[in-house]
Structure formats: structure tokens, C-alpha cells
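Here the structure is laid out as C-alpha cells; the discussion comes afterwards.
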Amino acid sequence: MRGEDKIVPELPEVETVVRDLRPHLTGRRLTSVQVGSQPLRRRWLAEWGPRLAGRRVREVGRRGKWILIHLQGELHLVIHLGMTGQLCVMPVNEATAAHTHLVFGLDRCTKELRYRDIRRFGSATLFEGQEALDLFFQESRLGPEPFDLDPDYWRERLAGTARCLKAVLLDQHAVAGVGNIYADEALFAARVHPAAPARRLSRTRVARVHNAVRATLQAGIDAQGASIRDFRTPDGGYGSAQERFAVYGRAGEPCERCGTPLRRMVIAQRGTVYCPHCQRF
DNA sequence: ACAGGATCCTGGGGGC
DNA sequence: TGCCCCCAGGATCCTG
């Protein structure tokens, strides 16, 4: 990580953004949309602006790493932050940062909702009707929320694949919301090797993975909550929140449990850090 | 159907 | 100091 203080948004970061936005947006009307010239992962369609103008925000929610802004009249604004996306409510008179792609006006308010995304891996899409929203998640085969799962789900899911454990954790079809950072942290907490074949895991190891995924994500949510209140930087960053990670970005440093130097390998095309002593197959 | 690879994109870091 | 190259990674599309 060294000097890098951007955290790629995973479930805990997205949950934090949602909690941060909720009081600012709920009950407010979106009045307009300004669209930048550069396309996002999914192109914002010109007809969506007029369609959502004047709609009141009913609720702000989350599904996996997707942010859901439910509007009056069964419209659903679905936003993914990709790797570098930021969604902030800011004063209208504050200068608009480079790479701001969408600006939503808010009624009776001197603030506006801004979507900024340097790498443009993120997206914003408008769905009309609950069926269209359900169909989107159904077709993308988004897996269940990690907090809704029990060990039986993990046993079945892991037994039914030839892949290694970390690849399954990263797979949004298997479980929604886990990304590269929390996958590594959860496997360190569970003391299981990231390259372990998923189908060969013992019952006790599956239970450890199940508990570790939940505990790690919950700790992430708790820490982000603290960081956003205490250490939020002017550009909307999360300060020094990454100091809590035990393995992510720490290849070569001593394991906090046993002192063995942490090792790095590539799994599913993702940089993976683990303790070769604590984490076994 | 499933698994693995390529693709998109930019700022930052390493190497020379 | 400067330039080039490469790397990071989430979702999605493509191939075997």
C-alpha cells in the first residue's frame, strides 16, 4: 500500500457511503442531472435526466457493492463505484473536482449530489419499476448478502466448485460484496490458505471462513464509520483507515500473529497477501 | 455450465 | 529531474 491511501470500495465502504448519504438525500427531490462528456462503464442515457427530475428520494440502500437510490414512482437509481468512484453531497458553490461525471441537483438545498470517478470503472443506471430492478440483479446472478448466509450455504457452494477458496470469495455470484482486500483479510482471520481448493475444505474450516467473512466485513463497517466521523479528509477520502488491515498491502512485513514474513502471490488475477505459516491448505 | 483470461482506465511508482 | 513502462483492480465479455 505504501503511500497509497485510496481504498477500493467493497461492501463496508459502500455501506459507509450509503449511511453517509441517507440523511442528506431521504425525502429530497432530485431536480436535474448534469452529465459529463466521458462515458462510464454503462453509459448514462439522456432520457433518464428528465425522467427522474422532480422525483423524491424514498430510501437509500445497498445490495452487494451496488448503491440503490429508490425514487418516488418506482424509479431506481443504481450506482456502482467501481474502483475509484466517489459519491458525495457537496455545496453547489464548491468547485467541481476533475473527473466529476454526474451532478444531481437537490431541491430546497444549497448542496448537490456529485459522482466522481477517476478511472470510470463505475456506473450509474436508472431502472423503471421493481421488476426491472429485480431482473437486473437476477440476470447478473448477484449472490446473497454475506450477513444472510449460514454455514450450510458455504458448504454447498464450496463443495460444488473446482476453484480455489479466494476465487470463490471474490466471485459476486457466490457472495455479494467481498473484494480483494476483505477476501485476504477474511482468509487471514480464518487461517486458511487463499489457494486452498474450495471443495476440499473441512467442515470446521468452512465454519471458520463463514465466521471470518462476516466478522471482517462487520469490522470494516465499524471502522469506516469511525473514520468517516473522525478522519475524513477534505477531498472525501478515508484518512488512515487502511492501518487496520492485517495483510492487505503488507507483503514482506511480519505476520502479526507469528512474525513470519507475509508472502504475495497472484490468484484469479488479483494480488494476494497471506501468511505462509498461519494459513494452511 | 464452468473456469480462466482479456478488457476497460488513470495516477502513481519504479527504473534508468 | 524526466520520461517510459507497468501496475492496481470490479465487472463483463470472450474463449476453451
Side-chain angles (χ1 to χ4, degrees), chain A residues 1-18 36-44 62-68 78-87 97-102 115-125 127 133 135-143 145-146 156-187 194-200 217 220 233 235-238 242 245 247-252 262 264-274:
Chain A
M1 173 142 3
R2 307 305 69 101
E4 171 65 48
D5 64 7
K6 272 281 172 286
I7 297 173
V8 175
E10 301 183 24
L11 188 154
E13 290 73 25
V14 174
E15 179 63 28
T16 302
V17 170
V18 164
S37 56
Q38 293 192 290
L40 296 168
R41 191 79 165 82
R42 294 162 194 270
R43 189 173 279 281
W44 179 268
R62 179 191 60 74
R63 177 77 174 87
K65 301 174 195 170
W66 299 86
I67 294 166
L68 310 177
V78 176
I79 295 169
H80 198 292
L81 301 178
M83 289 188 60
T84 53
Q86 299 171 324
L87 200 54
H99 309 292
T100 298
H101 306 293
L102 294 168
Y115 181 74
R116 178 171 185 249
D117 188 348
I118 293 170
R119 293 186 198 170
R120 290 186 281 124
F121 275 27
S123 65
T125 310
F127 292 93
L133 183 65
L135 190 65
F136 170 70
F137 287 121
Q138 197 181 310
E139 284 182 343
S140 59
R141 298 190 300 138
L142 186 63
E145 291 292 311
E156 275 178 42
R157 191 78 206 193
L158 296 174
T161 181
R163 311 163 85 181
C164 72
L165 185 52
K166 181 172 174 183
V168 181
L169 290 190
L170 290 176
D171 184 353
Q172 301 301 296
H173 306 146
V175 58
V178 179
N180 200 40
I181 299 173
Y182 289 93
D184 278 7
E185 294 298 315
L187 291 176
R199 61 160 60 124
R200 290 214 240 285
L217 291 173
T233 57
D235 66 355
Y238 293 121
Q242 74 278 10
F245 297 129
V247 289
Y248 180 78
R250 295 189 185 277
L262 298 174
R264 192 195 123 96
M265 65 185 295
V266 174
I267 295 177
Q269 290 150 288
R270 300 285 177 267
T272 300
V273 185
Y274 64 101

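Below, chain A is the first sequence line, B the second, and so on; all start at residue 1.
Distance check: A:Asp117 CG to A:Leu87 CG gives 10.5 Å after rounding to the nearest 0.5 Å. In this structure, the separation between OH on A:Tyr248 and CD on A:Glu185 is 10.0 Å, given to the nearest 0.5 Å. A:His99 contributes atom NE2, which lies 10.5 Å from atom CZ of A:Arg119 (distance to the nearest 0.5 angstrom).
In this structure, CE of A:Met83 is placed 14 Å from P of C:dC7, rounded to the nearest angstrom. In this structure, CD of A:Glu10 is placed 16 Å from P of C:dA8, rounded to the nearest angstrom. The interatomic distance linking A:Ile118 (CD1) with C:dA8 (C1') rounds to 13 Å, in whole Å. Separating the CZ atom of A:Phe121 from the C1' atom of C:dA8 is a distance of 9 Å, rounded to the nearest angstrom. One interatomic measurement links the two molecules: CG of A:Asp117 to P of C:dG10, which rounds to 13 Å at whole-angstrom precision. The CG-C1' distance, from A:Leu170 to B:dG5, rounds to 15 Å in whole Å. Distance, A:Arg119 CZ to B:dG11 C1': 6 Å, rounded to whole Å. In this structure, the NE2 atom of A:His80 is 15 Å from the C1' atom of B:dC9, given to the nearest Å.
Considering A:Trp66, A:Phe121, A:Phe136 as possible partners of A:His80, the one that fulfils the ring pair (Phe, Tyr, Trp, His ring centres under 6.0 Å) test is A:Trp66. The salt bridge (Lys or Arg N to Asp or Glu O under 4.0 Å) with A:Arg62 is formed by just one residue from the set A:Glu13, A:Glu10, A:Glu15; it is A:Glu15.
Ring centroid separation for the pair A:Trp44 and A:Tyr115 does not come in under the 6.0 Å cut-off.
Ion pairing between a basic and an acidic side chain is recognised when a charged N comes within 4.0 Å of a carboxylate O; A:Arg163 and A:Asp171 show such pairing.
In terms of phosphate contacts, A:Gln38 brings a side-chain nitrogen or oxygen within less than 4.0 Å of OP1 or OP2 of B:dT10. Note on A:His99: every side-chain N or O is 4.0 Å or more away from OP1 and OP2 of B:dT10. Proximity of A:Arg264 to the phosphate of C:dA8: a side-chain N or O atom is located under 4.0 Å from OP1 or OP2.
When the nearest nucleotides of DNA chain B are assigned to A:Arg199 and A:Arg120 by heavy-atom distance, the more 5′-ward of the two goes with A:Arg199. Both A:Pro39 and A:Gln269 lie near DNA chain B, and the one whose nearest nucleotide falls closer to the 5' end is A:Gln269.
Looking at heavy-atom distances under 4.0 Å, A:Gly271 makes contact with sugar-phosphate atoms alone, never a base.
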Protein-nucleic acid N or O pairs under 3.5 Å, nucleotides 12-16 of chain C:
residue: C:dT12; atom: OP1; partner: A:Arg42; partner atom: NH2; Å: 2.1
residue: C:dT12; atom: O4'; partner: A:Arg41; partner atom: NH2; Å: 2.8

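Listed here is the closest heavy atom pair of A:Asp184 and A:Gly271: OD2-O, 3.9 Å.
For A:Gln38, the side-chain contact (heavy atoms from CB on, under 4.5 Å) test picks out A:His101, A:Arg120, with sequence neighbours left out.
Less than 4.0 Å separates DNA chain B from at least one heavy atom of each of the following residues of residues 156-163 of chain A: A:Thr161, A:Ala162, A:Arg163.
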